[in-house]
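Written out below as structure tokens is the structure these notes cover.
Counting convention: from 1, in listed order, for ligands and their atoms alike. Keep in mind that this is a model prediction, so the values were computed, not measured.
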Amino acid sequence: MAFFLSYSTPIAHHKICTVFSSKQGSRHAVDQFGSLTLKAMPEEMALIVTNGSSNNKIPHVLTMAGSDSGAGAGIQADLKTCAARGVFCSTVITAVTAQNTLGVQDVSILPEESVAAQLKSVLSDMHVDVVKTGMLPSTAMVKILHDSLKQFPVQALVVDPVMVSTSGHVLAGSSILDTFRQDLLPMADIVTPNIKEASVLLGGVQLETVTDMRSAAKSLHDMGPRNVLVKGGDLPSSSDAVDIFFDGKDFYELRSSRIQTRNTHGTGCTMASCIAAELAKGSSMLSAVKVAKRYVETALEYGKSINIGNGPQGPLDHMFKLKRKNSSKLRLFEPSDLFLYAVTDSGMNKKWGHSITDAVKAAIEGGATIVQLREKDAETGEFLEAAKSCLEICHAHNIPLLINDRVDIALACDADGVHVGQSDMPVNTVRALLGPEKIIGVSCKTPEHALKAWADGADYIGSGGVFPTNTKANNRTIGLDGLKTVCLASKLPVVAIGGINLSNARSVMELGVVTLKGVAVVSALFDRECVAVETRKLHDLLTETVANVGSAVTEEV
Ligand SMILES: Nc1ncnc2c1ncn2[C@@H]1O[C@H](COP(=O)(O)OP(=O)(O)O)[C@@H](O)[C@H]1O
Ligand SMILES: Cc1ncc(COP(=O)(O)O)c(N)n1
Ligand SMILES: [Mg+2]
């Protein structure tokens, strides 16, 4: 969300050539005389002429950093972090490092012309909101950055003053220190040194306590950056991970518990690129820093036991949102799962004194091939707990568990999918929330419903009520003919539902349409004293009918 204006009125002692303002009022002007300093300017001068945002614009971070072959830090960390935070990330590579979990084996610095060309390519063409810098291995690269930003101003500059890798390898030599102090820091909206970097920038002062970190933040702020974050990941003898944020006025102590893991390589780069990503989305500086701290903490927690490499420091895992518990055992949908589809009903379980988990266990024991929890009256907390327990039972038997209607419950317990009705959340919205691998079923009474479900990305449809039923009030019965019409029109596998029991299940399966894969039942299984026995009876009857009808229901859609 950036607003730009070309401007040429003298302000104070500078002739302003370019003015920039963000939504939050972060303002810079670059003077025409080539000073390396970006000056803050009064709010009222930040005239808004062009709104640089449009509906289809994605927030954009440009990272100028080194490549890390081990992919925990550097450019790779920045790309993954921005992707995880929903922000577009372009890259200017300053150096190519050979790193792994043992340390840094090689550093090749890219030619300055190449760095300048990369910056120009991106900044001149693509609308960049925020620039984030990591490894800047030469004085010339700082100058190139300054000149590029003067020509193509951006909303904010996040400077991670990378100097030494955690493994102790020097990534920016001491000859560059003066340039960092004099030229780079004054350009920064925020600078994010770790303890070692803060100490080096301040000429070697010892930083051992949170109080030392506060003084360091203050001294660094005096060098010109608008905000300072001194990161305490490596603060000796601290059981918490404490960072100090200073905005020139107030200090904030950001504290989280220290996660015990070797996989911390890249925390600093990740923190800085997450701050940049949040700024690009429109956050204030303090909110961006807080979100970034929580993001790093969560990534550390999720990735704490990952085993990559044999060295002392493993990479941070940025994409925890994509991670699935037991991903190797992910249960993908098979149309044959619809064969005997058990749908629970809290009223019936109460009536017979069955807990929901006992009822589900019994249905599986009797041969149910998929389970749907349809708990219309349950309290959310209670429903979630029941869903978690049922999921464990279902997965122990390799049976998918779906949740009726409640996408929130399905997400919270990582269920295999959701079944929705025509008036529930639209299928494409459910798909966007659950992701590509989860199972989505939708109730359909007509061929039009069936075709829409297919077009919207459902996996199967439930069609009915085939027969009159007590479990759903005011539900129009479509009969066997209606079911057959839907099955013939459907491009998706179909499960028949509504009043199906031992006495009529045969007539359903005898329709013999290839798309009809099974029956879904509520009362015939759960409005019974012995759920396992009733399920077994229905299972046997279906097996026998299908064997007689031939290949119809086993053929894939
Ligand atoms: N083991 C940990 N548990 C929780 N947070 C951590 C841990 N290690 C680092 N952090 C956090 O990660 C962020 C990056 O800090 P730090 O590791 O000090 O930076 P750098 O990678 O530049 O050395 C900070 O917010 C810090 O508090
Ligand atoms: C290319 C590159 N950039 C930055 C770092 C710092 O990361 P860390 O402090 O986690 O080692 C690194 N090791 N490599
Ligand atoms: Mg670190």
Side-chain angles (χ1 to χ4, degrees), residues 63-79 81 91-110 132-137 158-172 190-201 207 210 213 216 229-236 238-245 252-275 288-304 311-318:
T63 171
M64 182 179 181
S67 160
D68 167 14
S69 56
I75 286 281
Q76 289 79 357
D78 301 338
L79 280 169
T81 302
T91 57
V92 168
I93 299 181
T94 57
V96 176
T97 70
Q99 297 188 59
N100 57 19
T101 62
L102 298 158
V104 183
Q105 287 83 41
D106 188 56
V107 177
S108 299
I109 298 177
L110 259 79
K132 175 252 159 186
T133 64
M135 186 176 168
L136 295 177
V158 175
V159 169
D160 185 19
V162 170
M163 281 182 269
V164 187
S165 77
T166 312
S167 53
H169 200 99
V170 174
L171 297 171
I190 183 166
V191 61
T192 63
N194 61 22
I195 296 222
K196 266 186 251 164
E197 289 154 352
S199 162
V200 172
L201 284 167
L207 298 183
V210 173
M213 287 167 68
L229 179 75
V230 179
K231 301 170 297 187
D234 301 321
L235 188 69
S238 168
S239 61
D240 289 343
V242 189
D243 302 344
I244 295 295
F245 175 72
Y252 299 83
E253 195 173 300
L254 308 171
R255 197 173 271 273
S256 66
S257 58
R258 182 176 292 279
I259 290 151
Q260 298 306 325
T261 173
R262 73 185 259 279
N263 299 328
T264 58
H265 174 61
T267 47
C269 305
T270 302
M271 179 95 189
S273 40
C274 190
I275 293 172
V289 168
K290 283 183 176 168
V291 167
K293 179 149 179 72
R294 187 170 307 152
Y295 172 71
V296 171
E297 188 191 357
T298 316
L300 284 168
E301 175 63 35
Y302 272 80
K304 66 183 175 191
Q313 204 195 19
L316 186 77
D317 183 24
H318 305 80

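- No side-chain donor from either of His265 and Thr101 sits under 3.5 Å from a side-chain acceptor of the other.
- At least one heavy atom of Cys269 sits closer than 4.0 Å to an atom of ligand 2.
- Here Thr261 has no heavy atoms under 4.0 Å from ligand 1, in either its backbone or its side chain.
- Some N or O of Gly266 is nearer than 3.5 Å to an N or O of ligand 2, by distance alone.
- Contact annotation: for Lys293 versus ligand 1, heavy atoms closer than 4.0 Å belong to the side chain alone.
- Under a 4.0 Å heavy-atom criterion, Ser67 is in contact with ligand 2.
- Backbone and side-chain nitrogen or oxygen atoms of Ile259 are examined, and one is located within less than 3.5 angstrom of a nitrogen or oxygen of ligand 1.
- Those atoms of ligand 1 that come under 4.0 Å of a heavy atom in Val296, given as number and element, are 12 (O).
- Every atom of ligand 2 is numbered from 1 in the order shown, and the set under 4.0 Å from a heavy atom of Val162 is 4 (C).
- Not a single heavy atom of Gly266 sits under 4.0 Å from any atom of ligand 1.
- Under a 4.0 Å criterion applied to the non-hydrogen atoms of Gln99, ligand 2 contributes the atoms 1 (C), 2 (C), 12 (C), 13 (N), 14 (N).
- For ligand 1, the polar-atom distance check finds no N/O of Glu297 at less than 3.5 Å from any of the ligand's N/O atoms.
- Remark: Asp68 engages no residue in a salt bridge (charged side-chain N to carboxylate O under 4.0 Å, His left out) (not counting sequence neighbours).
- The residue Cys269 has no part lying near ligand 1, judged by heavy-atom distances below 4.0 Å.
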